[in-house]
Amino acid sequence: EIGMEKYFFLASSEDFTKVPGSPIAYWVSKEFSDVFVKSEQLNNYFDPRQGMATGDNGSFVRGWYEVSQKLFEKSINSKSAAHASGSRYFPYNKGGGFKKWYGNRDDVIKFDVDSYRILKNQGNHCPSENLYFQPNIGWSKVSSGNAAFRHYEHFIFDVAGCSIFGGGEDDRGYLIGFLNSYVCRAVLSIFSPTLNFEVGAVKQLPLFNRSSLREKCSKISKEAIDLSKVDWNSYEFSWDFSSHPLLQIGHLQPTLKASYQSLRTHWREMTLDMQRLERENNRIFIEAYGMQDELTPEVPLNEITLTCN
């Protein structure tokens with residue numbers, strides 16, 4: 001029996017009740033469970049929603065590169081504007097792989113007046129239509145590991161590309177900083193121990209409404225989003241791609257080797273900049289939630305989801 005004590009946990013049943021839904025998370029410390037007492041649920045301030053289920057993606061969904069760009073409109077702000085535009089295809093968030101801050105902008109959906117009528121008449125679900133094309137924070141319902149949250153606007157969202165609405169730009173900046181922090185990751189491991197990150201779990205996340213942190217966190221998030229956007233648009237899989245980085249003035253050198261070395265140095269600087277931003281973001285939320293003994297802010301390079309990394 002020597003050493004057997006390391007295989008047992010002692011936990012108070014009262015601590016289970018502090019966590020919404022009272023999951024049997026026996027490994028959670030008292031400091032961790034107290035976070036839920038000191039905070040409010042995310043859905044008190046924001047509105048997480050599950051998106052559309054077309055029922056027939058083969059008929060309605062395409063890669064953006066598969067359709068005529070004359071029929072693709074990427075800057076619409078409402079359903080009525082989409083139908084009045086004369087365009088047929090619009091950006092569609094279907095979730096996608098592990099990508100933080102910005103990205104996974106691959107698909108479009110047929111959503112002109114006739115297509116919308118077909119969707120409705122054949123019994124497919126178009127929930128939250130009033131929120132289509134509005135700024136939001138999206139994530140993939142199914143993940144290969146951890147959840148990753150991204151900035152979207154001008155998109156319709158899918159059942160697998162869930163989205164959070166509400167608040168102004170700074171509010172969403174604060175929220176996405178929290179959602180991409182290690183604090184949120186630790187909490188989600190309680191609510192979503194599998195690879196599915198449901199809307200119900202995100203609604204229950206503990207959010208501190210601290211105006212003193214909002215400006216600083218929003219600034220970090222904006223820098224991270226901007227950096228990720230530059231990275232995403234540097235490759236031909238982006239519909240906003242303009243030219244290959246090797247041909248841009250800042251990296252163009254007399255030889256191809258020198259141009260690549262310049263670009264590679266730039267990529268490393270971008271990756272280290274993102275690592276610094278994510279580390280600082282983690283530090284802020286770890287301290288705000290009093291979880292210094294539970295978590296470390298350090299982010300390994302392999303978790304920086306820039307394509308150039």
Side-chain angles (χ1 to χ4, degrees), residues 63-65 69 72-77 90-108 133 135-140 146-155 157 161 163 168-181 215-253 256 258-282 284 299-309:
W64 68 267
Y65 44 83
Q69 298 305 289
F72 172 35
E73 176 54 62
K74 56 187 179 182
S75 300
I76 289 295
N77 294 315
F90 303 89
Y92 193 48
N93 172 17
K94 286 181 78 277
F98 185 66
K99 190 80 172 175
K100 291 179 282 187
W101 307 110
Y102 189 98
N104 290 4
R105 295 161 174 252
D106 305 302
D107 299 300
V108 296
F133 306 106
N136 66 83
I137 298 169
W139 79 95
S140 303
N146 296 306
F149 295 82
R150 298 171 291 278
H151 164 77
Y152 289 97
E153 56 186 342
H154 312 303
F155 273 72
F157 55 109
S163 299
E169 185 176 352
D170 284 349
D171 298 314
R172 290 191 298 274
Y174 177 75
L175 177 61
I176 197 172
F178 166 69
L179 293 170
N180 279 330
S181 73
E215 183 177 352
K216 187 172 185 178
C217 293
S218 180
K219 182 176 182 296
I220 291 174
S221 294
K222 185 178 186 308
E223 289 184 40
I225 291 169
D226 288 346
L227 198 58
S228 296
K229 184 176 182 179
V230 169
D231 176 72
W232 180 262
N233 291 336
S234 295
Y235 300 89
E236 293 179 359
F237 49 62
S238 168
W239 57 59
D240 287 323
F241 173 82
S242 57
S243 66
H244 195 285
L246 275 173
L247 303 179
Q248 294 173 4
I249 298 298
H251 309 300
L252 192 58
Q253 302 294 323
L256 181 60
S259 296
Y260 178 73
Q261 288 175 335
S262 172
L263 180 58
R264 186 173 175 83
T265 298
H266 176 65
W267 283 341
R268 177 167 177 77
E269 290 171 353
M270 285 179 63
T271 302
L272 293 176
D273 281 346
M274 182 63 82
Q275 185 183 41
R276 173 185 57 81
L277 289 169
E278 294 198 10
R279 181 173 59 242
E280 178 63 10
N281 183 68
N282 280 332
I284 290 173
V299 182
L301 282 176
N302 63 6
E303 284 194 15
I304 304 302
T305 59
L306 298 177
T307 304
C308 71
N309 187 35

How would you list, by chain and number, every residue that makes a ring pair (Phe, Tyr, Trp, His ring centres under 6.0 Å) with [X], sequence neighbours excluded?
X	result
Trp101	none
His154	none
His244	none
Phe155	Tyr152, Trp239

What residues, two or more places apart in sequence or in another chain, satisfy salt bridge (charged side-chain N to carboxylate O under 4.0 Å, His left out) together with [X]?
X	value
Lys94	none
Glu280	Lys216, Arg283
Glu269	none

Could you pull out all residues at least two apart from [X] that satisfy side-chain contact (heavy atoms from CB on, under 4.5 Å)?
X	value
Asn302	Pro300
Glu215	none
Gln253	Ala258, Ser259, Ser262

Exercise for the section: Sequence neighbours left out, what passes side-chain hydrogen bond (donor to acceptor under 3.5 Å, both in side chains) with Ser221? Give chain and number order. Expected result: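 side-chain hydrogen bond (donor to acceptor under 3.5 Å, both in side chains) list for Ser221, sorted by chain: empty.
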Practice task
Quick one: list whatever passes side-chain hydrogen bond (donor to acceptor under 3.5 Å, both in side chains) with Tyr92, sequence neighbours left out.
Solution key: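 Counting only residues at least two positions away or on another chain, Tyr92 forms a side-chain hydrogen bond (donor to acceptor under 3.5 Å, both in side chains) with Asp158.
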Handout entry: Charged N-O contact under 4.0 Å between Lys74 and Asp240
Key =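 Answer for the salt bridge query: yes.
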